[in-house]
Amino acid sequence: MENDMKKSNLFYYRKKITSFIMMSLTFIAALAAIIPLVLIFYYTISKGITYLNIDFFVAMPKPVGESGGGMANAIVGTLILIGIGGAIGIPVGIMTGTYLSEFGNNKFGYIVRFLTDVLSGIPSIVVGVVAYTMVVVPMKHFSALAGGIALGILMIPTITRTTEEMIKLVPHSLREAGLALGIPKWKTTLSIVLKTAWKGIATGVLLGLSRAAGETAPLLFTALGNRFWSTSIGQPIASLTVYIYDYAKSPFEDWNQQAWTAALVLILLISLLSLLFRIITRSKYKTN
Amino acid sequence: MSYSVSKKEKNNFLKRFFPSNNLGDFIFERLTWLFALSVFLLVILMGYEMYEGSKISMQKFGFDFLVNSEWDPVQEIYGALPIIYGTIVSSLLALIIALPFSIGVAVYLAEVAPPWLEKPLSFLVELLAGIPSVIYGLWGIFVLVPWIRTDVEPYLSDKLGFLPFFRGAPYGFGLLAAVLILTIMVLPIITSITRDVLKSVPRSQREAALALGATKWQSTIIVLKDAKSGILGATMLGFGRAIGETMAVTMVIGNRALISPSLFDPSYTMASVIANEFTEATSEMYLSALIQLALVLFVITIFVNALARLLVWSMDRKWKTT
């Protein structure tokens, strides 16, 4: 009897200890997952900050061999590219999301929902290839437009899904209140449902834009890159990410340094985007 | 009499074309429908464009494209086998390393962490997913690769050099660097989906286990078993991301079409071939072969993602119906 008690006690402690060890391991895994993040931020900031000055934002890249210079054209280029992308991705994303949540309870809605999910998994380089065959080949030269279209396609799934999710969060009673007042459904959707959900939708838009700002692969053979100042959408255009790629591969120490600075500026730009949206979306009324 | 019939017919006619009584509603619905249709058509158009673009290469190489192991642009011979090999091996190895970590982190976030720690930790993990791929590559070139060259590879070949996987010159750029960087990149994706899946398992499952005297770990095992299909889906999504990952891999993998057992040797992935050689492709056949590579990548990722979504969805529905 006593022996049995001892045995079960032993079993009990062993199981307790196993549990403790396994739970501690999960904590260690969580800490380990953060290490690369810390390292990447540490290197980007510490290496990037040396070249971070006013020149970087206002000057043009210097030719090989001359140090200094900036990436004004690339910063503007990135903004133009995500602008074109947004002009395509935002309306398509929001309208498709609205369709899916308001009218999409049918087979077609199911298929579109599935395809948006699939689209979000397609590698960005493949989208670049498609933009190449669809835009660059007919136009016969690389252009900001082709790059922007590629980015726009990449934004669609993110914006569609967030729009749908956010509209679904709007309580049914709001819709019913609108309809009960005799407002037609389309007006209810636009002025009540979308208005209530717009903060969430804006978050999705921001997410899409900031992801697009960080894309490189679809720009390599669409927007190509440009060492000169260009704001024309029919011409090749520079972007921060393509500069980072080119400069990181180059054998020049100076360019490698600038790649780090460009990376830091890119991260700052993405953070700025999210800050901007947070300020815009801080409404007087608390939604949800 | 005839008057009323004609009015009815008129109504039917209107109903057919304007199903809701309000013209505005009809227009609005059709307008949003058009946008949804455009997404539908876009995916089809993408496949069609790449099919058209790769026709020349398909006609010349046919099925050989996938099994021939020679990728030689000078001779105009395009066999993608070493590239497909490099893609799959680098992604699979990255998944094997990332999976236990991801599940560990997800379990910590969903089951163990106190609420005040869970939020910031989740945020940090999601931040990791938000870093642009090219910055991973930059970090890879200047930090990870030198570290692998001076520390990791000499150590591995010293201790485990009898295995064919750890032989060769410690060059830094190669499969090992790609695997490590992919591991870091897929970890946040698998983690965040696994965490969501674990959270969707009802509390009662855990409470039942605990009430029967199970420890926290034992109840976690039960939850993990419940979440099996969701975790599999998360893993497949990570796999889809890994095979399509372009910039970071291109920058560290060494870029040579080579089938070698050694992790130290350079390799190539489908995405990095396209990124590296597309602008250099001067002949029509070369371009066509690269587009065909994109088509193969497209088909694989669609397949992997579709399967993954179905798994995650089935998991969602499982708990919603009960």
Side-chain angles (χ1 to χ4, degrees), chain A residues 15-16 18-19 22-23 25-27 29-30 32-34 36-37 39-40 43-44 92 95-96 98-100 102-104 111-112 114-119 121-126 129-130 133-134 153 156 160 184-187 189 214 216-217 220-221 241 244-245 248-249 256 259-260 263 266, chain B residues 22 24-25 28-29 31-33 35-36 38-40 42-43 46 49-50 53 101 104-105 107-109 112 121 124-125 127-128 131-139 141-143 184 187 191 215-218 237 240 244 246-247 251 271 274-275 278-279 291 294 297-298 301-302 305-306 309:
Chain A
K15 146 177 137 162
K16 274 278 191 201
T18 315
S19 177
M22 293 318 282
M23 290 298 127
L25 279 181
T26 63
F27 178 65
I34 304 303
L37 182 78
L39 283 176
I40 290 171
Y43 279 101
T44 310
V92 176
M95 291 299 264
T96 308
T98 310
Y99 175 80
L100 289 180
E102 297 299 298
F103 314 105
I111 293 171
V112 170
F114 191 70
L115 283 181
T116 8
D117 276 350
V118 165
L119 194 62
I122 290 172
S124 56
I125 187 114
V126 171
V129 170
V130 172
T133 62
M134 277 196 318
I153 293 174
I156 292 173
T160 303
K185 190 170 178 192
W186 66 274
K187 228 172 179 175
T189 309
T216 320
L220 288 173
F221 34 82
T241 47
I244 297 173
Y245 177 56
K249 286 193 311 176
N256 295 344
W260 283 106
L266 182 63
Chain B
N22 191 305
D25 279 357
F28 183 67
E29 188 190 337
L31 195 67
T32 57
W33 178 81
F35 277 97
S38 75
V39 174
F40 177 78
L42 179 69
V43 178
M46 287 175 75
E49 281 284 335
M50 279 183 283
F101 269 98
V105 181
V107 165
Y108 184 74
L109 291 175
V112 189
L121 267 182
L124 288 179
V125 170
L127 205 61
L128 200 57
I131 297 176
S133 159
V134 73
I135 295 183
Y136 276 104
L138 180 70
W139 182 77
I141 288 183
F142 293 110
V143 183
I184 300 172
L187 188 124
T191 302
T215 58
K216 188 91 191 166
W217 172 240
Q218 285 168 324
L237 280 181
T246 314
M247 300 320 296
M251 289 160 94
I274 302 169
F278 206 88
T279 41
I291 296 175
L297 193 56
F298 178 74
T301 46
I302 283 191
N305 275 288
R309 296 292 172 184

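Residue numbering restarts at 1 for every chain, and letters A, B, ... go by the order of the sequence lines. Predicted, not measured: the structure shown is a model, and the values here were computed from it.
Looking at every heavy atom in both residues, B/Ile135 comes nearest to A/Ala263 through CD1-O, 3.7 Å.
Other residues, nucleotides and ligands contribute more than 12 heavy atoms inside 6.0 Å of the CZ atom of B/Phe278. Residue B/Phe101 places its CZ atom among 12 or fewer non-hydrogen atoms of other residues, nucleotides or ligands, all under 6.0 Å distant.
Between B/Thr279 and A/Leu220, the closest side-chain pair of non-hydrogen atoms is not below 4.5 Å. Looking at heavy atoms from C-beta onward, B/Leu138 lies out of side-chain contact with A/Tyr43 at the 4.5 angstrom threshold. Proximity of A/Ile111 to B/Phe40: side-chain heavy atoms (C-beta onward) are separated by under 4.5 Å at one or more points. Between A/Val129 and B/Leu297 the shortest side-chain heavy-atom distance does not fall below 4.5 Å. No side-chain heavy atom of A/Leu119 sits under 4.5 Å from any side-chain heavy atom of B/Asn305. Using a 4.5 Å heavy-atom threshold, the side chains of A/Val118 and B/Arg309 count as separate.
Contacts of B/Leu42 with chain A are made by side-chain atoms alone, with heavy-atom separations under 4.5 Å and no backbone atom involved. Proximity to chain A (any heavy atom under 4.5 Å) is restricted, for B/Ile184, to the side chain, taken from C-beta onward. Residue contact with chain B, scored on non-hydrogen atoms closer than 4.5 Å, involves the side chain of A/Ile34 exclusively. Using a 4.5 Å cut-off between heavy atoms, A/Leu25 does not touch chain B at all. Both the backbone and the side chain of A/Phe114 come within contact range of chain B, with heavy atoms under 4.5 Å apart. Proximity to chain B is absent for every atom of A/Leu100, based on heavy atoms less than 4.5 angstrom apart. With a threshold of 4.5 angstrom between heavy atoms, B/Leu237 does not approach chain A through any atom at all. Interface remark: B/Ile141 contributes side-chain atoms only to the contact with chain A (heavy atom separation under 4.5 Å).
A perpendicular orientation is assigned to the rings of B/Phe28 and A/Phe103, their planes being inclined by more than 60° (bins at 30° and 60°).
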